[in-house]
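Just so you know, these numbers come straight off a predicted model, no measurement behind them. Lettering of chains follows the sequences in order, A, B, ..., and the numbering in each one begins at 1.
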Number of protein chains: 2
Amino acid sequence: MEGHEKLEKARERIIETIAQNIHLYGLVPSAGRQYGMMFFQNEPLTLDDMTEKLGMSKTSMSTSVRALSDLKLVERAWKKGVRKDLYKVTDDWYQSFIDLFSIKWRRSVTLHLVAIKKSLAELEQLSIDPTASEELQKEVQIDIEKLKYIKNYYEWLERLVDVFEDQKIFDLVPIMNDSESDS
Amino acid sequence: MEGHEKLEKARERIIETIAQNIHLYGLVPSAGRQYGMMFFQNEPLTLDDMTEKLGMSKTSMSTSVRALSDLKLVERAWKKGVRKDLYKVTDDWYQSFIDLFSIKWRRSVTLHLVAIKKSLAELEQLSIDPTASEELQKEVQIDIEKLKYIKNYYEWLERLVDVFEDQKIFDLVPIMNDSESDS
DNA sequence: TAGTTTGTACGGTTTTTACTGTACAAACTA
DNA sequence: TAGTTTGTACAGTAAAAACCGTACAAACTA
């Protein structure tokens, strides 16, 4: 096998692995392939570049690069003399992981807490309603306890997201670089 | 509005929120609805119970309850005299979150590390190949650096998963229960 | 043993999602 | 200003996933 082929194969393996795991970011394999391809390019790419490299329509490139941008996996880049939009992969992968939490999980936490507080208020109202039957009262009380539990849980999750966002997670799990024993 | 209706509505809100956010677990809304419904049941349920409550086929219940089980969001339960399989939601939500990492993210980390090590070995081989052109050598060297970087990243992620799995995360982000000022 | 009950594999259908091509608005160029 | 270029909205199509009903194997019952 020729040298360039070997290089290509080594890259392909990584790209395909990314494609098969990108669902953890809520993205589809083709977006992962796009990301992986960009990762190995040393220059920012235009939508037309991507179309050419991946053999997909420009429209698709546009929508998926937007999805990648929303998760801050790729970002806009500039190069003098180029009028087209340029994109490159965000080079801090630790930050990308954190951004996933900041964006997707915090949103989820917020939605849940809103719903829980609303339902909790309604049930607490109901629990002091004298027209409610004894049996209903009991059910309501059980649900209130359940909602209190998951409220605590989501507040914990919120604090967890905070810990990622303000980088405190690196105190507990520090970044360690290989001791590069280069000659 | 009648009491039972109010209770139902308060539950419905929570269930729907879960359904809309369960994609973070790689599951579809209907599985989330199933989970949410089970959450408010105080008894374990059979597949037939679920079919009735959700108006979906037993086959669907079977497959989605398996998906929920795989993520340890629900677990088997036993009740004397009941021959059918019984399921209930895992009541430790913190543990469920941790299990998500243990199962989905660790798997992803492992797959990535395998691929990276393989490609890295190939590229290192290639980098000492005397038949390779100067230009290729340079490209290979760049890729090696990139792979080393993401190798470090996935090793960090692996340690992060460890920290969740062995509960050390609770040192950094402790569980706090509301001071329950019950009379 | 024969007769039930229960869960799931499998094939087919419906629904959803990914992707494409066209058409156009906005931003550049001359 | 008119003429390009570039990104994306939108509608239609292709592909994938969710869901259902049937059929059957495994486990239980009598």
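- A donor-acceptor pair under 3.5 Å links the side-chain atoms of T90(A) to the main chain of K72(A), judged by distance alone.
- Remark: E52(A) engages no residue in a side chain to side chain donor-acceptor pair (under 3.5 Å) (not counting sequence neighbours).
- Across all strands shown, dT8(C) pairs with dA23(D); the Watson-Crick or G-U wobble distances both stay below 3.5 Å.
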Audit row: M56(A), R33(A), side chain to side chain contact (heavy atoms under 4.5 Å, CB included) steps and yes/no: CA-CA 11 Å; M56(A) 289 179 69; R33(A) 222 163 279 120; over 6 Å; no
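- Within residues 32-42 of chain B, no residue has a heavy atom under 4.0 Å from DNA chain D.
- A straight line from CG of L54(B) to P of dA18(D) spans 17 Å, rounded to a whole angstrom.
- Residues K148(A) and I144(A) are in side-chain contact: their nearest non-hydrogen atoms beyond the backbone lie under 4.5 Å apart.
- Taking the six-membered ring for Trp and the full ring otherwise, the centers of F164(B) and W105(B) sit at least 6.0 Å from each other.
- Note on ring orientation: taking the six-membered ring where Trp is involved, the planes of Y154(A) and H112(A) are parallel (angle under 30°, cut-offs 30° and 60°).
- Using a 4.0 Å cut-off, some side-chain N or O of S57(B) falls inside it from OP1 or OP2 of dC20(D).
- Side chain of T51(A) to main chain of L47(A): a donor-acceptor pair is present (N/O by atom type, distance under 3.5 Å, no hydrogens or angles).
- Following rounding to the nearest Å, D49(B) (CG) and dT6(C) (C1') show an atom-to-atom distance of 13 Å.
- Nucleotide dC28(C) forms a pair with dG3(D), judged by Watson-Crick or G-U wobble geometry with both contacts under 3.5 Å.
- The distance from atom CG of L27(B) to atom C1' of dC19(D) is 16 Å, rounded to the nearest whole Å.
- For M61(A) and dT20(C), the CE to P distance is 7 Å, given to the nearest whole Å.
- Between H23(B) atom NE2 and dA17(D) atom P there is a gap of 17 Å when expressed in whole angstrom units.
- Ring geometry for F170(A) against Y94(A) counts as perpendicular: the plane angle is over 60°, on a 0 to 90° scale with 30° as the lower cut.
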Residues Q20(B), E16(B); criterion side chain to side chain donor-acceptor pair (under 3.5 Å); working and verdict: CA-CA 6 Å; Q20(B) 298 306 320; E16(B) 208 46 43; 3.0 Å; yes
Considering only nitrogen or oxygen atoms on both sides, find all protein atoms under 3.5 Å from nucleotides 7-16 of chain D and state each distance.
unit_1 : atom_1 : unit_2 : atom_2 : d
dG7(D) : OP1    : D85(A) : N      : 2.7
dT8(D) : OP2    : S62(A) : OG     : 2.5

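- Atom P of nucleotide dT8(C) and atom CG of L68(B) are separated by 13 Å, given to the nearest angstrom.
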